[in-house]
Amino acid sequence: MGRSWPLAGGFSGALLTPPLVALLYLMWRIAGLPFPPFDLFDATARVLPGALITAVIDAMVAVIRALSLGPTSAAAKTAEQGMAIATFFFAGTVVGAALFAVRRGRTDPSRVPGLLAGALFGAPAAWAGVSAGSTRAVGPVAGALWVLAAFLTWGMVLDRVRLRWARAAPAG
């Protein structure tokens with residue numbers, strides 16, 4: 001077979017992650033539910049070495065000043081949010097590539113692999129929302145359940161896309 005499953009999975013993950021981000025953002029703004037890209041980024045920043053964080057902040061401030069992007073605090077916040085969403089997008093792409101690489105051309109309609117992919121991507125996001133709580137206005141249990149439901153659905157849709165790719169593949 002000439003199809004590269006990880007490439008197809010990365011492509012599929014890249015196409016399905018922006019709608020997930022949009023849904024999560026919409027529900028954050030409307031209902032005060034967690035917004036995992038920001039929560040994960042904040043949680044990651046807390047565990048990275050301080051010297052690395054300082055170097056990134058210094059570089060960001062230097063670029064903002066060199067390009068005269070406006071007030072440093074506002075431009076830095078916008079850059080930080082952009083990095084959070086870009087990192088989240090990259091993670092969704094990687095999860096898609098991994099799911100397709102593991103499942104390859106299998107055509108059994110099991111929902112378990114998609115649920116596992118969604119859980120592996122969503123569990124850290126739910127944990128970050130519970131522990132950080134910086135983006136939610138709802139209780140931690142409701143927020144975690146929402147995040148897990150969104151990611152489990154994303155994983156099942158991703159695996160349905162993989163199944164369609166597998167069924168469309170020539171026999172061989």
> Can you check side-chain contact (heavy atoms from CB on, under 4.5 Å) on L99 and D159, steps first, answer last?
Replying inline: CA-CA 8 Å; L99 175 64; D159 198 49; 3.8 Å; yes

Reported [atom1]-to-[atom2] distance for the pair [X] and [Y], which is rounded to 0.5 angstrom:
X	Y	atom1	atom2	value
F41	M83	CZ	CE	4.0 Å
L26	L33	CG	CG	10.0 Å
R167	R106	CZ	CZ	14.5 Å
F38	E80	CZ	CD	8.5 Å
L40	I85	CG	CD1	12.0 Å

Check whether any side-chain heavy atom of [X] sits under 4.5 Å from a side-chain heavy atom of [Y], and report yes or no.
X	Y	result
P37	T87	no
R46	I53	no
F100	V161	yes
T17	F90	no
V95	W154	yes
P113	V102	no
P109	R160	yes

> R65 and side chain to side chain contact (heavy atoms under 4.5 Å, CB included): which partner among V61, L69, L67?
Replying inline: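 It is V61, the one option of V61, L69, L67 that forms the side chain to side chain contact (heavy atoms under 4.5 Å, CB included) with R65.
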
> Residues two or more places apart in sequence or in another chain: which of them pass ring-ring contact (aromatic ring centres under 6.0 Å, His included) with Y25?
Replying inline: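 Y25 satisfies ring-ring contact (aromatic ring centres under 6.0 Å, His included) with W28, F35 once adjacent residues are dropped.
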
> Can you pull the side chain to side chain donor-acceptor pair (under 3.5 Å) pairs that have at least one residue in residues 107-127, sequence neighbours excluded?
Replying inline: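 Those involving residues 107-127 are R103-D108.
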
So which heavy atom on [X] is nearest to which on [Y], and how close?
X	Y	result
W5	R162	CZ3-O, 4.2 Å
A128	A43	CB-CB, 4.0 Å
L158	L16	CA-CD1, 3.6 Å
A150	L24	CB-CD2, 4.0 Å
D39	P34	OD2-CB, 3.8 Å
V147	A126	CG1-N, 3.7 Å

Treating Ile, Leu, Val, Met, Phe, Trp and Tyr as nodes and any side-chain heavy-atom pair under 4.5 angstrom as an edge, say whether [X] and [Y] lie in one connected cluster.
X	Y	value
L23	I30	no
V138	L148	no
F11	V94	no

> Can you pull the ring pair (Phe, Tyr, Trp, His ring centres under 6.0 Å) pairs that have at least one residue in residues 44-86, sequence neighbours excluded?
Replying inline: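 Output for this query is empty, none listed.
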
>> Give me each pair satisfying ring pair (Phe, Tyr, Trp, His ring centres under 6.0 Å) with a member in residues 55-88, each pair once, sequence neighbours excluded.
In response: F88-F121, F88-F151

> What's in the same ILVMFWY side-chain cluster as V141, cut-off under 4.5 Å, chained through other members?
Replying inline: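 ILVMFWY cluster around V141 also holds L145.
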
>> Which residues end up grouped with L152 if you chain together Ile, Leu, Val, Met, Phe, Trp and Tyr wherever their side-chain heavy atoms are less than 4.5 Å apart?
In response: L115, M156

>> Under a 3.5 Å distance rule, please check whether R104 uses its side chain to pair with a backbone N or O of A166 as donor and acceptor.
In response: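 Here the side-chain-to-backbone pair does not exist.
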
